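Below is one structure; the comments refer to it alone.
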Amino acid sequence: MKKLTLALLVVSAATFSVSAAAQFAKPEDAIKYRKSALTVMGAHFGRLGAMAQGKVPFDAKVAADNADIVASMAKLPWAGFVEGSDSGDTKAKPEIWKQSAKFKEAADKLQAESVKLAAAAHSGKEDAFKSAFSATAGTCKACHDDFRAK
Ligand code: ASC
(Lines give C-alpha, C1' and ligand atoms only; values in the text may rest on other atoms or scores of the structure.)
Protein backbone atom coordinates (compact mmCIF):
# COMPACT_ATOMS: atom_id res chain seq x y z
CA MET A 1 0.00 0.00 0.00
CA LYS A 2 2.77 2.39 0.95
CA LYS A 3 4.56 1.52 -2.26
CA LEU A 4 1.43 2.16 -4.30
CA THR A 5 0.89 5.54 -2.62
CA LEU A 6 4.48 6.49 -3.31
CA ALA A 7 4.22 5.37 -6.92
CA LEU A 8 1.06 7.44 -7.38
CA LEU A 9 2.76 10.46 -5.86
CA VAL A 10 5.72 10.10 -8.20
CA VAL A 11 3.42 9.77 -11.21
CA SER A 12 1.34 12.80 -10.26
CA ALA A 13 4.45 14.85 -9.56
CA ALA A 14 5.83 13.97 -12.97
CA THR A 15 2.52 14.82 -14.63
CA PHE A 16 2.05 18.13 -12.90
CA SER A 17 5.63 19.31 -12.62
CA VAL A 18 5.45 21.59 -15.65
CA SER A 19 2.35 23.50 -14.52
CA ALA A 20 3.33 23.45 -10.85
CA ALA A 21 6.76 24.80 -11.69
CA ALA A 22 5.24 27.62 -13.69
CA GLN A 23 3.46 29.70 -11.07
CA PHE A 24 3.79 33.42 -11.51
CA ALA A 25 3.74 36.23 -9.00
CA LYS A 26 2.79 38.86 -11.57
CA PRO A 27 1.25 38.84 -15.08
CA GLU A 28 4.49 40.26 -16.50
CA ASP A 29 6.38 37.27 -15.11
CA ALA A 30 4.05 34.95 -17.02
CA ILE A 31 4.52 37.01 -20.19
CA LYS A 32 8.30 36.91 -19.83
CA TYR A 33 8.21 33.17 -19.20
CA ARG A 34 6.13 32.26 -22.25
CA LYS A 35 8.06 34.62 -24.53
CA SER A 36 11.34 33.14 -23.32
CA ALA A 37 10.17 29.60 -24.01
CA LEU A 38 8.92 30.61 -27.47
CA THR A 39 12.20 32.43 -28.19
CA VAL A 40 14.29 29.38 -27.33
CA MET A 41 11.97 27.15 -29.33
CA GLY A 42 12.18 29.54 -32.29
CA ALA A 43 15.98 29.60 -32.21
CA HIS A 44 16.18 25.81 -32.45
CA PHE A 45 13.33 25.62 -34.95
CA GLY A 46 15.21 28.13 -37.08
CA ARG A 47 18.23 25.81 -37.22
CA LEU A 48 15.94 23.05 -38.44
CA GLY A 49 14.40 25.44 -40.97
CA ALA A 50 17.79 26.25 -42.45
CA MET A 51 18.28 22.52 -43.09
CA ALA A 52 14.73 21.93 -44.28
CA GLN A 53 15.14 24.75 -46.80
CA GLY A 54 18.56 23.54 -47.96
CA LYS A 55 20.34 26.66 -46.70
CA VAL A 56 22.68 24.41 -44.74
CA PRO A 57 23.36 20.73 -45.51
CA PHE A 58 21.17 18.16 -43.73
CA ASP A 59 22.96 16.71 -40.71
CA ALA A 60 20.91 14.02 -38.97
CA LYS A 61 22.63 14.49 -35.59
CA VAL A 62 22.15 18.27 -35.57
CA ALA A 63 18.55 17.82 -36.71
CA ALA A 64 17.82 15.28 -33.96
CA ASP A 65 19.43 17.43 -31.24
CA ASN A 66 17.53 20.57 -32.27
CA ALA A 67 14.24 18.75 -32.82
CA ASP A 68 14.47 17.22 -29.33
CA ILE A 69 14.82 20.71 -27.88
CA VAL A 70 11.87 21.97 -29.93
CA ALA A 71 9.71 19.06 -28.72
CA SER A 72 10.65 19.79 -25.10
CA MET A 73 10.19 23.54 -25.39
CA ALA A 74 6.82 23.10 -27.09
CA LYS A 75 5.39 21.93 -23.76
CA LEU A 76 6.26 25.09 -21.88
CA PRO A 77 4.74 28.35 -23.15
CA TRP A 78 1.10 27.46 -22.43
CA ALA A 79 1.34 27.65 -18.65
CA GLY A 80 2.36 31.28 -19.13
CA PHE A 81 -0.94 32.29 -20.76
CA VAL A 82 -2.58 32.96 -17.41
CA GLU A 83 -5.75 35.04 -17.03
CA GLY A 84 -4.93 38.72 -16.79
CA SER A 85 -1.77 38.50 -18.89
CA ASP A 86 -3.37 39.81 -22.08
CA SER A 87 -1.88 43.28 -21.85
CA GLY A 88 1.63 44.64 -21.43
CA ASP A 89 4.69 43.62 -23.42
CA THR A 90 2.86 40.98 -25.45
CA LYS A 91 1.37 40.32 -28.87
CA ALA A 92 -1.06 37.80 -27.39
CA LYS A 93 -4.57 38.46 -28.69
CA PRO A 94 -7.61 38.42 -26.36
CA GLU A 95 -8.92 35.48 -28.45
CA ILE A 96 -6.49 33.27 -26.52
CA TRP A 97 -8.73 33.60 -23.48
CA LYS A 98 -12.03 34.01 -25.35
CA GLN A 99 -11.50 30.88 -27.46
CA SER A 100 -9.45 28.89 -25.00
CA ALA A 101 -10.48 25.47 -26.36
CA LYS A 102 -9.36 26.49 -29.84
CA PHE A 103 -6.10 27.89 -28.43
CA LYS A 104 -5.45 24.67 -26.52
CA GLU A 105 -6.10 22.68 -29.68
CA ALA A 106 -3.53 24.79 -31.53
CA ALA A 107 -1.00 24.29 -28.72
CA ASP A 108 -1.67 20.54 -28.71
CA LYS A 109 -1.15 20.36 -32.48
CA LEU A 110 2.27 21.97 -32.19
CA GLN A 111 3.24 19.53 -29.48
CA ALA A 112 2.04 16.51 -31.46
CA GLU A 113 3.78 17.64 -34.66
CA SER A 114 7.01 18.48 -32.86
CA VAL A 115 7.12 14.96 -31.40
CA LYS A 116 6.71 13.59 -34.95
CA LEU A 117 9.39 16.00 -36.14
CA ALA A 118 11.82 14.71 -33.53
CA ALA A 119 11.04 11.12 -34.56
CA ALA A 120 11.61 11.99 -38.22
CA ALA A 121 14.89 13.71 -37.38
CA HIS A 122 16.03 10.66 -35.42
CA SER A 123 15.18 8.42 -38.38
CA GLY A 124 17.93 10.20 -40.30
CA LYS A 125 15.70 10.35 -43.40
CA GLU A 126 15.94 13.78 -44.95
CA ASP A 127 12.62 13.60 -46.82
CA ALA A 128 10.72 12.54 -43.70
CA PHE A 129 12.44 15.34 -41.78
CA LYS A 130 11.48 17.94 -44.38
CA SER A 131 7.84 17.00 -44.48
CA ALA A 132 7.62 16.81 -40.68
CA PHE A 133 9.29 20.22 -40.52
CA SER A 134 6.71 21.79 -42.79
CA ALA A 135 3.84 20.17 -40.88
CA THR A 136 5.24 21.60 -37.65
CA ALA A 137 5.82 25.04 -39.17
CA GLY A 138 2.19 24.96 -40.29
CA THR A 139 1.09 24.64 -36.66
CA CYS A 140 3.27 27.64 -35.68
CA LYS A 141 1.74 29.71 -38.46
CA ALA A 142 -1.86 28.69 -37.80
CA CYS A 143 -1.59 29.69 -34.15
CA HIS A 144 0.18 32.97 -34.96
CA ASP A 145 -2.47 33.85 -37.58
CA ASP A 146 -5.31 33.39 -35.09
CA PHE A 147 -3.79 34.35 -31.77
CA ARG A 148 -0.81 36.67 -32.25
CA ALA A 149 -1.14 40.33 -33.15
CA LYS A 150 0.98 41.54 -36.07
C1 ASC B 1 9.94 29.72 -37.45
C2 ASC B 1 9.55 30.63 -36.44
C3 ASC B 1 8.20 30.67 -36.41
C4 ASC B 1 7.65 29.71 -37.39
C5 ASC B 1 6.66 30.28 -38.32
C6 ASC B 1 6.16 29.21 -39.27
O7 ASC B 1 11.07 29.41 -37.76
O8 ASC B 1 10.34 31.33 -35.63
O9 ASC B 1 7.46 31.41 -35.63
O10 ASC B 1 8.80 29.19 -38.07
O11 ASC B 1 7.21 31.32 -39.04
O12 ASC B 1 5.32 29.77 -40.24
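Counting starts at 1 for both ligands and their atoms, following the listed order. We use all heavy atoms of the structure for the numbers below, so side chains are in, but hydrogens, waters and symmetry mates are not. None of these values were measured; they are calculated from a predicted model.
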Exercise for review: Starting from atom 8 (O) of ligand 1, locate the nearest protein heavy atom and write down its residue, its atom name and how far away it is, to 0.1 Å.
Suggested key: Gly42 CA, 4.2 Å

Revision key, fill the gap. Atom 7 (O) of ligand 1: closest protein heavy atom, distance to 0.1 Å, is Phe45 CD2, 3.4 Å

**Study point:** Note: Arg47-Asp65 ion pair, threshold 4.0 Å (strictly below)
**Key:** no

Point to revise | Within-shell test, Gly49 vs ligand 1, heavy atom, strictly < 4.0 Å | key: no

**Study point:** Nearest-neighbour protein heavy atom for atom 3 (C) of ligand 1, which is reported as residue plus atom name and distance
**Key:** His144 CE1, 4.2 Å

Review point. Phe103: what forms a ring-ring contact (aromatic ring centres under 6.0 Å, His included) with it, not counting sequence neighbours?
Key: Trp78, Phe81, Phe147

Exercise for review: Among all protein heavy atoms, pick the one closest to atom 12 (O) of ligand 1 and tell me residue, atom and distance.
Suggested key: Lys141 CB, 3.4 Å

Point to revise | Numbered atoms of ligand 1 (with element) below 4.0 Å of Cys140, judged on heavy atoms | key: 4 (C), 5 (C), 6 (C)

Review point. What protein heavy atom is closest to atom 6 (C) of ligand 1, reported as residue, atom name and distance in Å?
Key: Ala137 O, 3.4 Å

Exercise for review: Would you please determine whether Met41 falls within less than 4.0 Å of ligand 1 on a heavy-atom basis?
Suggested key: no

Practice item. Count the heavy atoms belonging to other residues, nucleotides or ligands that lie under 6.0 Å from NZ of Lys109, then report whether that count exceeds 12. Key: no

Practice item. Over all heavy atoms of both residues, which pair between Ala121 and Phe129 is shortest? Give the atoms and the distance, please. Key: CB-CD1, 4.2 Å

Check your understanding: Between Lys102 and Glu105, does at least one N-O distance fall below 4.0 Å, as a salt bridge requires?
Key -> no

Exercise for review: Please determine if Glu126 and Lys130 form a salt bridge, counting it only when a charged side-chain N lies under 4.0 Å from a carboxylate O.
Suggested key: yes

